Amino acid sequence: MGQHRRRHRATHLAIVAMLLTLLPVSSFADEVAEIIKKVEDNLNGKTATMKITMTVKTKRAERTMKMQSWSVGKDKSFIKILYPGKDKGITFLKMDNSMWQYVPRIEKTIKIPASMMLQSWMGSDFSNDDLVRESSISEDYTVRLLNETEEVYTAELLPKEEATVVWGKIVMDISKQYYLPSKVRYFDEEGMLIRELAYTEVQPFGERFYPTKWIMDPKEPEKAGHQTVMKVSDAVFDGPVSASYFTKRALKRYSD
C-alpha cells in the first residue's frame with residue numbers, strides 16, 4: 001500500500017513539475033512575440049515622413065538616389081524619387097499588400113505583379129517585396145528566442161503555414177536599449193544565408209529613436225562586392241500625413 005502511495009505521489013509530482021515548466025513557456029512565447037511587435041511599432045510609428053539617400057554599389061559602379069517618403073502605420077506608404085534627373089518624378093504607392101509605380105517618362109501607372117516582387121527595387125539590393133512585406137513579420141512568422149545577452153535579444157522567425165512569404169527563416173538581433181533591430185539575416189528555404197541587413201546610427205527624432213543608416217549586404221556568391229546603403233534624414237514621426245497620398249491618382253498627381 002505504501003509503495004502504491006509513493007508511486008502515486010511521484011506521478012502527481014511529475015505532472016505538477018511538467019505543468020510548471022509548460023506554463024512559463026507559453027507566457028515567454030507571448031513575451032517574445034510582443035518584443036517583435038514593439039520593434040515593428042518603433043520602426044513604423046503611427047505616421048512617418050522622411051528623406052532617404054540610397055547608394056547602390058556593385059563591382060563596376062556606384063550610384064546615388066534621393067527620395068521622399070510618407071507612410072501611415074505599416075499598410076500605407078508613398079515614395080517619390082527626387083534624384084537623379086532621369087528617375088526624378090517616379091512614384092511608388094503601397095496599399096496593404098499591393099504596389100503600383102508611376103513612370104513620368106512614359107506617363108504610365110504600372111501595378112507590380114506578384115511575379116515581380118522578388119526583383120530588385122530601383123536596381124538596389126532591396127526588393128519590391130521589401131517595400132510591401134517589410135512590416136508583416138509579426139503576422140506572417142512565428143518567433144522564438146535563440147539567445148539573450150545584456151544588450152541584445154536574438155530571435156528566430158519561421159513562416160506560418162498559410163503565410164505567402166519569401167524567406168524560409170529570419171534571424172533578428174534586437175537592441176534592448178531601443179527595441180530596434182540591429183542586424184537581420186535572411187535565409188532561403190534550404191537554410192542558405194541570402195543577405196544581411198544592419199540597422200545602425202540610431203538617432204533621436206522627437207521622442208522616438210530611429211536607425212538612420214541601413215546597410216544591405218547580399219551574401220550570394222554572384223553578388224560579391226554588392227551593397228546598398230540607405231541613409232535617413234529629416235524624419236518626422238506621428239505627425240499629420242495627408243490621406244491624398246494614398247490613392248492611385250496620387251501617383252501622377254505628386255510626380256511633378
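Quick note: numbers below take in every heavy atom, side chains included, and nothing from hydrogens, waters or symmetry partners. In this chain, residues are counted from 1 in sequence order. These numbers were taken from a predicted model, which means no experiment stands behind them.
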Passes side chain to side chain contact (heavy atoms under 4.5 Å, CB included), Trp214 versus Lys231? Steps please. CA-CA 6 Å; Trp214 303 17; Lys231 291 187 177 181; over 6 Å; no

Audit row: Lys183, Glu196, side chain to side chain contact (heavy atoms under 4.5 Å, CB included) steps and yes/no: CA-CA 7 Å; Lys183 188 173 288 187; Glu196 188 173 278; 3.6 Å; yes

Go through it in stages, so that I can follow the logic: the residues are Trp100 and Ile110, the test is side chain to side chain contact (heavy atoms under 4.5 Å, CB included), and I'd like the CA-CA distance, side-chain angles, deciding distance and then a yes or no. CA-CA 6 Å; Trp100 294 266; Ile110 304 163; over 6 Å; no

With ring pair (Phe, Tyr, Trp, His ring centres under 6.0 Å) as the test, would you mind laying out the steps for Phe246 and Phe78 before giving the verdict? CA-CA 7 Å; Phe246 309 112; Phe78 187 92; 7.2 Å; no

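Cluster annotation: Tyr178 and Met50 are assigned to the same hydrophobic cluster (Ile/Leu/Val/Met/Phe/Trp/Tyr, side-chain heavy-atom contacts under 4.5 Å, transitive). Tyr199 and Val202 end up in the same hydrophobic cluster when Ile, Leu, Val, Met, Phe, Trp and Tyr side chains are linked at under 4.5 Å. Put simply, Met65 and Ile215 are part of two different groups of oily side chains (I, L, V, M, F, W, Y) that touch within less than 4.5 Å, one to the next. Linking ILVMFWY side-chain heavy atoms closer than 4.5 Å, directly or via other members, places Leu43 and Val236 in two distinct hydrophobic clusters. The hydrophobic clustering, which links ILVMFWY residues whose side-chain heavy atoms are closer than 4.5 Å, places Ile36 and Tyr153 together.
Side-chain contact between Lys108 and Val103 is absent, with no heavy atoms from C-beta onward closer than 4.5 Å. Looking only at side-chain heavy atoms (C-beta outward), Gln68 and Leu82 come within less than 4.5 Å of each other. Between Tyr141 and Lys160, the closest side-chain pair of non-hydrogen atoms is not below 4.5 Å. At a threshold of 4.5 Å between non-hydrogen side-chain atoms, the residues Asp130 and Trp121 do not count as touching.
Summarising the local packing, NZ of Lys88 is surrounded by 12 or fewer heavy atoms from other residues, nucleotides or ligands at distances under 6.0 Å. The environment of CD in Gln203 is crowded: more than 12 heavy-atom neighbours from other residues, nucleotides or ligands sit within 6.0 Å. For Lys46, the NZ atom is loosely surrounded, since the number of other residues' heavy atoms within 6.0 Å does not exceed 12. In this structure, Lys111 places its NZ atom where more than 12 heavy-atom neighbours from other residues, nucleotides or ligands lie under 6.0 Å away. Heavy atoms of other residues, nucleotides or ligands lying less than 6.0 angstrom from CD of Glu222 number more than 12.
The CD atom of Glu189 lies 10.5 Å from the CD1 atom of Ile194; values are rounded to the nearest 0.5 Å. Interatomic distance, Glu139 CD to Lys37 NZ, rounded to the nearest 0.5 Å: 8.5 Å. To the nearest 0.5 Å, the span separating CD on Gln101 from CD1 on Ile90 amounts to 6.0 Å. Atom CG of Asp75 and atom CE of Met95 lie 9.0 Å apart (nearest 0.5 Å). The CZ atom of Phe187 sits 4.5 Å away from the NZ atom of Lys169 when rounded to the nearest 0.5 Å. Taking CD1 of Ile170 as the start and CZ of Arg185 as the end, the distance is 11.5 Å to the nearest 0.5 Å.
Residue Met67 forms a side chain to side chain contact (heavy atoms under 4.5 Å, CB included) with just one option from Lys51, Met54, Lys80, and that option is Met54. Just one of Trp70, Tyr210, Phe209 meets the ring-ring contact (aromatic ring centres under 6.0 Å, His included) condition when paired with Phe237; it is Tyr210.
Without hydrogens or angle criteria, Asn42 side chain to Leu180 main chain gives no donor-acceptor distance under 3.5 Å. Put simply, the side chain of Glu40 gets close to the backbone of Ser138: a donor and an acceptor are under 3.5 Å apart. A donor-acceptor pair under 3.5 Å is absent between the side-chain atoms of Ser71 and the main chain of Ser77, judged by distance alone. In terms of modelled atom types and a separation under 3.5 Å, the side chain of Asp188 and the main chain of Glu190 share a donor-acceptor contact. For Thr142 (side chain) and Leu158 (main-chain N/O), a donor-acceptor pair under 3.5 Å exists by modelled atom type. The main-chain N or O of Glu201 is found under 3.5 Å from a side-chain atom of Thr212 such that the two form a donor-acceptor pair. At distances below 3.5 Å, at least one donor-acceptor pair connects side-chain atoms of Thr200 with backbone N or O atoms of Lys213. Side-chain atoms of Asp140 do not come within 3.5 Å of backbone N or O of Ile137 as any donor-acceptor pair.
The side chain to side chain donor-acceptor pair (under 3.5 Å) test applied to Asp217 returns Gln227, not counting sequence neighbours. For Lys176, the salt bridge (charged side-chain N to carboxylate O under 4.0 Å, His left out) partners two or more places apart in sequence, or in a different chain, are Glu148.
Nearest heavy atoms, Val165 versus Pro159: CG2-CB, 3.4 Å. A pairwise comparison of heavy atoms in Ile52 and Ser69 identifies CD1-OG, 4.1 Å as the closest pair. The two residues Asn128 and Met116 have their closest heavy-atom pair at ND2-O, 2.9 Å. Here the closest heavy-atom approach between residue Val143 and residue Ala155 is recorded as CG2-CB, 3.8 Å. A pairwise comparison of heavy atoms in Tyr254 and Ser244 identifies OH-OG, 2.6 Å as the closest pair. The two residues Gly123 and Val56 come nearest to each other via the heavy atoms O-CG1, 3.4 Å.
A salt bridge does not link Asp125 to Arg195: none of the charged nitrogens lies less than 4.0 Å from a carboxylate oxygen.
At least one test fails for Lys252 against the ring of Tyr102: distance under 6.0 Å to the centre or angle within 45° of the axis.
For the 3.5 Å distance criterion, the side chains of Thr154 and Asp173 qualify, holding a donor opposite an acceptor.
Taking the six-membered ring for Trp and thresholds of 30 and 60 degrees, Trp167 and Tyr186 have ring planes inclined between 30 and 60 degrees apart.
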